[in-house]
There are 2 protein chains.
Amino acid sequence: MELLKEVPLFSNLSEDQLERIGRLLFSKKYLKGEVIFSPNEKAEFFFILKRGKVKVFKTLNGKEQIIKVFEKPALFGEAASFTGSCFPAWAEAIEDSEVLLVSRKSFLNLLKEEPELGMNLMAVMAQRLFYLTTLVENLSLKSALSKLSSYILSKLEGEEEINFSTSLAAMELGLTKETVSRTLSKLKALGVIEKKKSKIRVKNRKALQELSC
Amino acid sequence: MELLKEVPLFSNLSEDQLERIGRLLFSKKYLKGEVIFSPNEKAEFFFILKRGKVKVFKTLNGKEQIIKVFEKPALFGEAASFTGSCFPAWAEAIEDSEVLLVSRKSFLNLLKEEPELGMNLMAVMAQRLFYLTTLVENLSLKSALSKLSSYILSKLEGEEEINFSTSLAAMELGLTKETVSRTLSKLKALGVIEKKKSKIRVKNRKALQELSC
DNA sequence: CGCATAGTTGAGCTATTTCAACATCAGTGG
DNA sequence: CCACTGATGTTGAAATAGCTCAACTATGCG
């Protein structure tokens with residue numbers, strides 16, 4: 001249960017409190033491609049990602065828009081679980097994953113007794129709102145080149161190399177894989193990045209930053 | 001302070017609690033076109049809309065995407081104010097408006113003492129997340145015709161007539177006013193709606209629903 | 001009434017999508 | 001270790017939805 005400490009929602013709680021939370025959860029495994037939740041499904045649980053990678057996305061007429069890809073110690077589905085409404089989107093494992101489930105009811109009980117937890121949850125939700133706001137900005141206001149540039153920058157985190165999947169990026173950026181592929185070639189031609197296999201190396205971060213607006 | 005009861009955040013609080021909140025706020029007026037907050041401004045307050053109409057929006061390279069238009073008894077800026085970060089977007093009065101300001105600090109204090117208030121705030125934020133999720137879906141996955149159809153439907157609320165501004169709709173839907181105007185003509189030609197001055201009357205709601213996907 | 005703002009319409013343009021063919025890669029089992 | 005297979009990525013050509021620019025019209029406000 002060391003994992004819990006890494007999750008922002010629980011980070012500053014006492015051992016005691018973590019202990020209580022630990023008793024509420026159980027683990028579940030999903031293979032790559034398996035659906036974790038779907039819209040029109042009542043949110044009786046929320047999820048803590050223990051291992052693997054999960055995409056949360058919307059679909060319409062065979063098209064797909066990823067809302068967010070979750071990795072490592074992250075939680076998702078918490079907002080819907082809080083209100084007890086239906087999930088607003090799909091969640092699917094894009095790698096073999098392991099997930100901890102927390103039942104809505106027991107979490108709500110805990111929430112009444114631990115005001116700190118409430119503050120944490122609000123912080124998490126505020127962060128989500130912020131993220132979604134910039135997602136809207138990126139989707140609606142930027143060109144393919146800017147989208148891709150800021151996407152790469154956002155994955156860098158100090159490193160100069162990232163893992164990159166053309167079709168995953170496409171579904172996150174609201175573009176087709178063809179457009180992403182072509183735009184990537186443009187960035188290569190500009191000498192801004194290098195590509196080898198499924199990795200991208202950024203050669204000129206400054207240029208990328210300029211392109212990302 | 002009857003207004004406060006109408007705001008979801010405070011709806012189920014006692015007179016006493018409302019009294020305390022009432023003491024925290026002060027009123028401010030904004031003329032049409034005035035900026036209420038801007039990005040890179042620390043969120044020291046959040047806002048309760050008392051009268052008028054406010055748009056919260058992002059801009060990039062002279063383009064503008066409205067995140068949400070607020071009316072009547074609504075609050076906005078609460079997430080940024082909770083975390084104390086910068087506002088993620090602009091807010092501007094699009095009608096002469098009156099707004100109540102609540103300071104971040106005093107609200108956080110209150111939040112510690114009134115767990116109910118925290119629960120309410122979480123509910124509000126969860127609703128916002130849900131809204132933004134469907135906004136992403138609408139922006140990214142729908143055609144102009146579908147966007148406009150679902151937009152009109154969402155404003156109906158049981159009525160069969162709505163106020164409609166072409167350019168406001170355009171900025172909400174991520175389209176140009178020209179496209180909205182043309183698409184509206186298409187809906188007229190299909191016999192789905194009628195237009196007179198700045199009002200739209202829906203003649204065939206079912207057809208509109210089918211077009212909205 | 002006149003002016004500014006908002007909406008309409010047309011013509012041409014362009015970024016992105018679509019469709020199709022091909023290339024590359026990763027993983028599997030022989 | 002290699003050959004096969006399905007998934008993923010690339011490239012080209014054509015189609016298209018929506019944008020831009022420009023001119024014009026309607027609307028509402030002082």
Side-chain angles (χ1 to χ4, degrees), chain A residues 31-33 53 55 60-66 69 92-96 138-149 151-152 162-189 193-200 211 213, chain B residues 31-33 53 55 60-66 69 92-96 138-149 151-152 162-189 193-200 211 213:
Chain A
L31 295 174
K32 180 175 173 171
K53 211 167 175 178
K55 67 174 174 183
L60 198 62
N61 306 321
K63 299 191 148 273
E64 174 175 333
Q65 174 64 52
I66 291 181
V69 174
E92 185 186 315
I94 55 177
E95 287 177 8
D96 294 355
N138 286 334
L139 287 174
S140 167
L141 262 23
K142 286 185 180 174
S143 68
L145 189 62
S146 303
K147 283 179 181 182
L148 188 56
S149 301
Y151 179 79
I152 294 171
I162 57 165
N163 284 319
F164 186 90
S165 150
T166 305
S167 34
L168 184 61
M171 289 184 300
E172 295 194 67
L173 297 173
L175 301 168
T176 59
K177 61 182 165 55
E178 292 93 335
T179 302
V180 171
S181 176
R182 279 185 253 265
T183 310
L184 210 56
S185 308
K186 218 175 282 178
L187 285 175
K188 261 188 287 180
I193 60 161
E194 255 170 15
K195 211 196 160 196
K196 32 180 175 171
K197 309 237 174 170
S198 64
K199 291 224 188 297
I200 284 180
L211 290 170
C213 302
Chain B
L31 294 175
K32 180 174 176 171
K53 212 167 175 178
K55 67 173 175 185
L60 197 62
N61 306 321
K63 297 191 149 276
E64 173 175 334
Q65 174 65 51
I66 290 182
V69 173
E92 185 186 315
I94 53 177
E95 289 177 6
D96 293 355
N138 285 334
L139 287 175
S140 168
L141 262 23
K142 288 186 180 173
S143 67
L145 190 60
S146 303
K147 283 178 180 182
L148 188 55
S149 301
Y151 179 80
I152 294 170
I162 57 165
N163 284 319
F164 186 89
S165 148
T166 305
S167 34
L168 184 61
M171 290 184 301
E172 295 194 66
L173 296 172
L175 300 168
T176 58
K177 61 183 164 56
E178 291 92 335
T179 301
V180 170
S181 176
R182 277 185 254 268
T183 309
L184 210 56
S185 306
K186 218 176 281 178
L187 285 175
K188 261 187 286 181
I193 59 160
E194 255 170 16
K195 212 193 156 198
K196 33 180 175 170
K197 309 239 174 167
S198 64
K199 290 224 189 297
I200 283 180
L211 290 170
C213 302

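Remember, predicted model here, so these are calculated numbers, not experimental data. Below, chain A is the first sequence line, B the second, and so on; all start at residue 1.
Look at K55(B) and E64(B) and you find a salt bridge, because one of the NZ, NE, NH1 or NH2 atoms lies within 4.0 Å of a carboxylate O, short of that distance.
Rounded to whole Å, atom P of dT27(D) lies 16 Å from atom CZ of F164(B). In this structure, E95(A) places its CD atom 12 Å from P of dT8(D), rounding to the nearest Å. The NZ atom of K186(A) sits 13 Å away from the P atom of dT14(C) (whole-angstrom rounding). Distance, L139(B) CG to dA17(D) P: 19 Å, rounded to whole Å. Following rounding to the nearest Å, L184(B) (CG) and dG18(D) (C1') show an atom-to-atom distance of 16 Å. At whole-Å resolution of the value, CG in L148(A) and P in dA15(C) are 16 Å apart. Between the CG atom of N61(B) and the P atom of dA15(C) there is a distance of 14 Å, given to the nearest Å. Atom NZ in K177(A) sits roughly 15 Å away from atom P in dG12(D) (whole-Å rounding).
Residue K188(A) is out of contact with every strand shown, counting any heavy-atom pair closer than 4.0 Å. Among the heavy atoms of the strands lying under 4.0 Å from S143(A) are primed sugar atoms or P, OP1, OP2 only; no base atom is included. No engagement by K196(B) is indicated, since no non-hydrogen atom pair under 4.0 Å with the nucleic acid exists. Across all strands, S198(A) comes closer than 4.0 Å to no nucleic acid atom at all (heavy-atom distances). Using a 4.0 Å heavy-atom criterion, one finds that K147(A) contacts no nucleic acid atom at all. Residue G33(A) is classed as having no contact, given no heavy-atom separation below 4.0 Å to the nucleic acid. Counting non-hydrogen atoms under 4.0 angstrom, T166(A) reaches the backbone sugars and phosphates but no base.
Considering only the side chain of S167(B), dG7(C) comes nearest among dG7(C), dC19(C), dC19(D). In this structure, the nucleotide among dA22(D), dT18(C), dC19(D) sitting nearest to the side chain of E178(B) is dA22(D). Nearest to the side-chain atoms of T179(B) among the listed nucleotides dC19(D), dT16(C), dT8(C) stands dC19(D). Of the candidate nucleotides dT16(C), dT11(D), dT20(D), dT16(C) has the atom lying nearest to any side-chain atom of A144(A).
Looking only at distances, no side-chain donor or acceptor of N163(B) sits under 3.5 Å from a matching main-chain atom of K199(B). Using a distance-only test at 3.5 Å, with no hydrogens or angles considered, no donor-acceptor pair links the side chain of S140(A) to the main chain of Q65(B).
Phosphate proximity of dA6(C) to S165(B): absent, as no side-chain N or O sits under 4.0 Å from OP1 or OP2. Applying the 4.0 Å criterion to OP1 and OP2 of dT18(C), one finds that K63(A) has a side-chain N or O inside that range.
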Candidate pair T166(A) and K195(A), rule side chain to side chain contact (heavy atoms under 4.5 Å, CB included), full reasoning: CA-CA 11 Å; T166(A) 305; K195(A) 211 196 160 196; 4.2 Å; yes

Check step by step if side chain to side chain contact (heavy atoms under 4.5 Å, CB included) holds for K177(B) and M171(B). CA-CA 8 Å; K177(B) 61 183 164 56; M171(B) 290 184 301; over 6 Å; no

Could you give me the CA-CA distance, side-chain angles and deciding distance for L168(A) and I66(A), then say whether side chain to side chain contact (heavy atoms under 4.5 Å, CB included) is met? CA-CA 9 Å; L168(A) 184 61; I66(A) 291 181; 3.5 Å; yes

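Side-chain N/O atoms of R182(B) and base N/O atoms of dG7(C) include no donor-acceptor pair closer than 3.5 Å.
Both K197(A) and L145(A) lie close to DNA chain C; mapped to their nearest nucleotides by heavy-atom distance, the more 5′-ward contact belongs to L145(A).
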